[in-house]
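A quick write-up on the structure given underneath.
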Amino acid sequence: MVGLSSGEKRFIRGGIEQDLRPDGRRRLHYRPISIETGVIPQANGSARVRIGSTDVIVSVKGRGGEELSMELSTALRRCLLGGKSGAGAGIDLSALKVLDGKICWDLYIDGLVVSSDGDLLDALGAAVKTALSNTGIPKVEVTYDASTDDQPEVDISDENFSGLDTSGVPVIITLTKVGRHYIVDATSEEESQMSSAVSVSVNRHGQICGFTKRGGAGLDPSVILDMISVAKHVSEELISVLDSEICAAESRSPSA
């Protein structure tokens, strides 16, 4: 919990009202974003994302299994996997299939919060997207005789890997309402003054993939629709920044 004096609270609220936040940003501007990939060599894919002083690390590990599953928080799971049928999923789940109806890859995604100064869900969403783009799935050779009950024989390569198509993985845009206005990439101090916040996941085609709300204050439907429209607009810039940062990070990676 951030402890602020009444003067500091007025300063934050007054700045947001005037579209000039304490760190000099406007209401819909992000703090500097930096990305590193391949930060955990033992993982199939990993990434470190910093948004201002918020710093998170995400790793992706693959393991052979009989079900498709991802251990993620509810909000992140909705963004990646879409509905129960898999419709709207951020990644093509068929890419994890090894032998139809028999064997597939399970992906386990772990997140570590190194430091938190607000906008944590957006940072984790960006780190998941980056880590998945850094993920290599080992090539698998399968020997299987469908006429017998024998288990398939699997040969997993240590040298050949295939990547995941992450072009459909959305970004998460959290709009935090302070007073009459809402802002993106809120710091912890700004979050302490919020009445409510809405997180919208948007893919590069402008499609809404997920929606969550926190905070006790209700929101008029017209305000929610406006926030979704703003999130779609902001997502275009964020996706462009992440694409550029991911490309630069991969070029710096030792395995590149």
Side-chain angles (χ1 to χ4, degrees), residues 16 19 21 25-31 33 35 47 49 51-52 54 56 58 70 72-91 109 111 113 116-133 166-188 190-243 245-246:
I16 292 173
D19 200 12
R21 295 159 71 175
R25 289 181 293 147
R26 302 185 68 178
R27 285 192 287 262
L28 300 182
H29 286 179
Y30 275 80
R31 292 168 290 180
I33 298 174
I35 287 175
V49 172
I51 302 180
T54 294
V56 299
V58 165
M70 291 186 179
L72 297 172
S73 69
T74 301
L76 291 173
R77 186 184 299 116
R78 287 172 181 167
C79 293
L80 286 172
L81 297 183
K84 291 183 179 180
S85 66
I91 60 174
I109 301 179
V113 178
S116 178
D117 184 26
D119 204 28
L120 191 55
L121 185 59
D122 295 24
L124 284 168
V128 168
K129 180 180 178 70
T130 305
L132 285 170
S133 73
T166 59
S167 60
V169 177
V171 295
I172 300 174
I173 308 293
T174 297
L175 291 164
T176 303
K177 193 169 188 294
V178 179
R180 297 186 301 112
H181 301 280
Y182 31 86
I183 58 177
V184 300
D185 186 25
T187 64
S188 294
E190 290 170 334
E191 286 180 343
S192 73
Q193 300 306 299
M194 77 173 192
S195 57
S196 59
V198 165
S199 295
V200 186
S201 60
V202 190
N203 65 21
R204 66 178 64 248
H205 303 296
Q207 298 169 322
I208 305 302
C209 304
F211 180 95
T212 61
K213 176 188 174 296
R214 70 180 192 274
L219 291 172
D220 188 89
S222 63
V223 173
I224 292 177
L225 290 175
D226 186 54
M227 294 175 87
I228 291 174
S229 177
V230 170
K232 292 173 67 173
H233 173 71
V234 172
S235 72
E236 295 178 4
E237 181 179 354
L238 181 58
I239 289 173
S240 177
V241 170
L242 291 180
D243 285 346
E245 287 291 328
I246 290 171

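Nothing fancy with the numbering, it's 1 onward along the sequence.
The pair Glu191-Arg214 meets the salt-bridge criterion, with a side-chain N (NZ, NE, NH1 or NH2) lying under 4.0 Å from an Asp/Glu carboxylate O.
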**Prompt:** Can Arg27 and Val184 be said to form a side chain to side chain contact (heavy atoms under 4.5 Å, CB included), step by step?
**Reply:** CA-CA 6 Å; Arg27 285 192 287 262; Val184 300; over 6 Å; no
**Request:** Show your reasoning for whether side chain to side chain contact (heavy atoms under 4.5 Å, CB included) applies to Leu28 and His181.
**Result:** CA-CA 10 Å; Leu28 300 182; His181 301 280; over 6 Å; no
**Request:** Decide yes or no on side chain to side chain contact (heavy atoms under 4.5 Å, CB included) for Lys232 and Ile173, but give the supporting numbers first.
**Result:** CA-CA 8 Å; Lys232 292 173 67 173; Ile173 308 293; over 6 Å; no
**Audit row: Glu236, Val202, side chain to side chain contact (heavy atoms under 4.5 Å, CB included) steps and yes/no** = CA-CA 9 Å; Glu236 295 178 4; Val202 190; over 6 Å; no
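Residues forming a salt bridge (charged side-chain N to carboxylate O under 4.0 Å, His left out) with Glu245 (at least two apart in sequence, or on another chain): none. For Arg31, the side chain to side chain donor-acceptor pair (under 3.5 Å) partners are Asp117, Asp185, not counting sequence neighbours. Residues that satisfy the side chain to side chain donor-acceptor pair (under 3.5 Å) test with Ser167, not counting sequence neighbours, are Asp165. By the side chain to side chain donor-acceptor pair (under 3.5 Å) test, Gln207 pairs with Asn203, sequence neighbours left out. Taking the side-chain contact (heavy atoms from CB on, under 4.5 Å) definition, one finds that His233 meets it with nothing, sequence neighbours left out.
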For residues 119-132, which side-chain N or O atoms pair as donor and acceptor with protein atoms under 3.5 Å away, sequence neighbours left out?
unit_1	atom_1	unit_2	atom_2	d
Asp122	OD1	Thr174	N	3.3
Asp122	OD1	Thr174	OG1	2.5
Asp122	OD2	Tyr30	OH	3.3
Asp122	OD2	Thr174	N	2.9
Lys129	NZ	Thr166	O	3.4
Lys129	NZ	Val169	O	2.6
Thr130	OG1	Ala126	O	2.8

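Atom-to-atom distance recorded for Lys213:NZ and Met227:CE is 9.0 Å, nearest 0.5 angstrom. To the nearest 0.5 Å, the span separating CD on Gln193 from OG1 on Thr187 amounts to 10.0 Å. One distance of note links CD of Glu237 with NE2 of His29; it measures 6.5 Å at 0.5 Å rounding. Considering CZ of Arg26 and CD1 of Ile183, their distance stands at 14.0 Å, rounded to 0.5 Å. We find the CG-CZ distance between Asp19 and Arg25 to be 11.5 Å, quoted to the nearest 0.5 Å. Of the inter-residue distances, the one linking Ser196 atom OG with Lys177 atom NZ reads 6.0 Å to the nearest 0.5 angstrom.
Inter-residue side-chain proximity for Ile224 and Ile228 is flagged as met; some heavy-atom pair is nearer than 4.5 Å. Inter-residue side-chain proximity for Ile246 and Ile35 is flagged as met; some heavy-atom pair is nearer than 4.5 Å.
Taking each heavy atom of Thr54 and Gly118 in turn, the nearest pair found is OG1-O, 2.7 Å. Shown here for Val171 and Ser235, the closest heavy-atom pair between the two residues is CG2-CB, 3.9 Å.
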